[in-house]
Amino acid sequence: METETATNWLSDNEQCAWRTYLDVNRMLTYQMEKDLQPFGLTNNDYEILVNLSESADKRMRMSDLAAATLQSKSRLSHQITRMENAGLVRRENCESDRRGLFAVLTEQGAATMEKVAPHHVASVRRHFIDLLSGEALADLRESLTPVAEHLRGHRGKI
């Protein structure tokens with residue numbers, strides 16, 4: 001027989017902090033998506049392009065890219081198909097593992113990154129960085145690091 005434990009409800013301060021975080025996360029994600037729309041990109045597209053542009057040889061195994069972007073392999077495959085159709089990426093076979101595939105940044109994808117990245121950085125600055133002091137940014141990073149580390153430790157366990 002299971003024993004019931006009392007729910008540890010959030011205090012007013014905790015509830016306010018949690019809801020503020022959720023609001024900021026939703027609104028910032030929405031704004032970043034909106035600012036990428038003129039370029040025909042979504043946040044997911046941009047994240048994939050960033051990962052590929054920062055990788056050795058501008059390529060990543062599909063399974064590694066799925067893990068890096070927190071997407072299922074199936075969802076990533078559909079996303080890559082759309083991006084292939086737009087000429088931003090291509091798939092290549094993995095010579096060392098016949099079942100493996102690479103997602104590779106194309107020249108058009110690299111040119112898109114060069115064009116979009118300055119606008120994206122300006123958006124991040126306008127809607128986030130420039131609204132906080134250097135001290136507040138350092139505090140935010142320090143505050144969120146344990147949460148990020150905790151969640152990284154739970155990847156794949158859900």
Side-chain angles (χ1 to χ4, degrees), residues 1-56 59-86 88-89 91 99-103 105 109 112-113 115-158:
M1 179 172 180
E2 289 183 40
T3 58
E4 290 188 33
T5 58
T7 300
N8 187 12
W9 295 107
L10 301 180
S11 69
D12 288 345
N13 185 46
E14 291 167 335
Q15 181 82 276
C16 183
W18 174 242
R19 287 187 177 176
T20 299
Y21 165 77
L22 289 176
D23 286 346
V24 168
N25 183 38
R26 278 191 297 267
M27 290 184 291
L28 192 57
T29 299
Y30 172 83
Q31 188 63 54
M32 296 294 101
E33 187 89 29
K34 186 177 172 187
D35 290 350
L36 287 170
Q37 283 177 350
F39 302 100
L41 297 175
T42 65
N43 283 332
N44 286 339
D45 295 334
Y46 190 78
E47 184 179 16
I48 288 168
L49 292 175
V50 167
N51 274 278
L52 293 176
S53 70
E54 293 176 349
S55 295
R59 70 179 54 226
M60 287 180 75
R61 289 181 64 98
M62 291 284 286
S63 57
D64 294 337
L65 187 56
T69 59
L70 298 178
Q71 294 188 55
S72 69
K73 291 177 187 177
S74 173
R75 180 170 180 202
L76 178 67
S77 181
H78 290 294
Q79 181 82 31
I80 293 295
T81 296
R82 286 191 297 277
M83 294 177 75
E84 276 183 307
N85 291 336
L88 302 171
V89 299
R91 293 176 218 233
R99 296 176 300 153
L101 287 174
F102 285 104
L105 187 67
T112 297
M113 275 301 295
K115 177 181 169 185
V116 176
H119 296 278
H120 180 72
V121 169
S123 180
V124 170
R125 285 197 165 284
R126 183 172 56 257
H127 301 297
F128 186 73
I129 300 295
D130 292 347
L131 301 174
L132 301 170
S133 69
E135 183 178 322
L137 286 169
D139 290 346
L140 183 62
R141 181 179 180 183
E142 183 178 334
S143 296
L144 292 178
T145 294
V147 176
E149 289 173 356
H150 168 78
L151 293 172
R152 278 188 202 102
H154 279 78
R155 276 190 185 176
K157 295 179 184 176
I158 297 173

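Just so it is clear, the structure is predicted and the values come from calculations on it, not from any experiment.
- Partners of R26 under the salt bridge (charged side-chain N to carboxylate O under 4.0 Å, His left out) rule, at least two apart in sequence or in another chain, are D23.
- Surrounding CG of D130 are more than 12 heavy atoms belonging to other residues, nucleotides or ligands, all under 6.0 Å away.
- Side-chain atoms of I48 and L76, non-hydrogen and from C-beta on, do get closer than 4.5 Å to each other.
- Between the CD atom of Q71 and the CD atom of E47 there is a distance of 7.0 Å, given to the nearest 0.5 Å.
- For the atom pair OG (S123) and CG (L28), the distance works out to 7.5 Å, reported to the nearest 0.5 Å.
- Residue R125 places its CZ atom among 12 or fewer non-hydrogen atoms of other residues, nucleotides or ligands, all under 6.0 Å distant.
- Here the shortest heavy-atom pairing between N51 and A68 reads OD1-CB, 3.6 Å.
- Exactly one residue among M83, R75, E33 makes a side-chain contact (heavy atoms from CB on, under 4.5 Å) with N44. That residue is R75.
- Listed by chain and number, the residues in a side chain to side chain donor-acceptor pair (under 3.5 Å) with N25 amount to none (sequence neighbours excluded).
- Contact detail for E14 and S11: the closest heavy-atom pair is OE1-N, 2.7 Å.
- Judged by distance alone, the side chain of Q15 and the main-chain N or O of L10 form no donor-acceptor pair under 3.5 Å.
- No more than 12 heavy atoms of other residues, nucleotides or ligands shown are found within 6.0 angstrom of OH on Y21.
- Looking only at distances, no side-chain donor or acceptor of S77 sits under 3.5 Å from a matching main-chain atom of K73.
- Judged by distance alone, the side chain of R82 and the main-chain N or O of D45 form no donor-acceptor pair under 3.5 Å.
- By the side-chain contact (heavy atoms from CB on, under 4.5 Å) test, L132 is found to be paired with F128, A136, L137, L140, residues two or more places apart in sequence or in another chain being considered.
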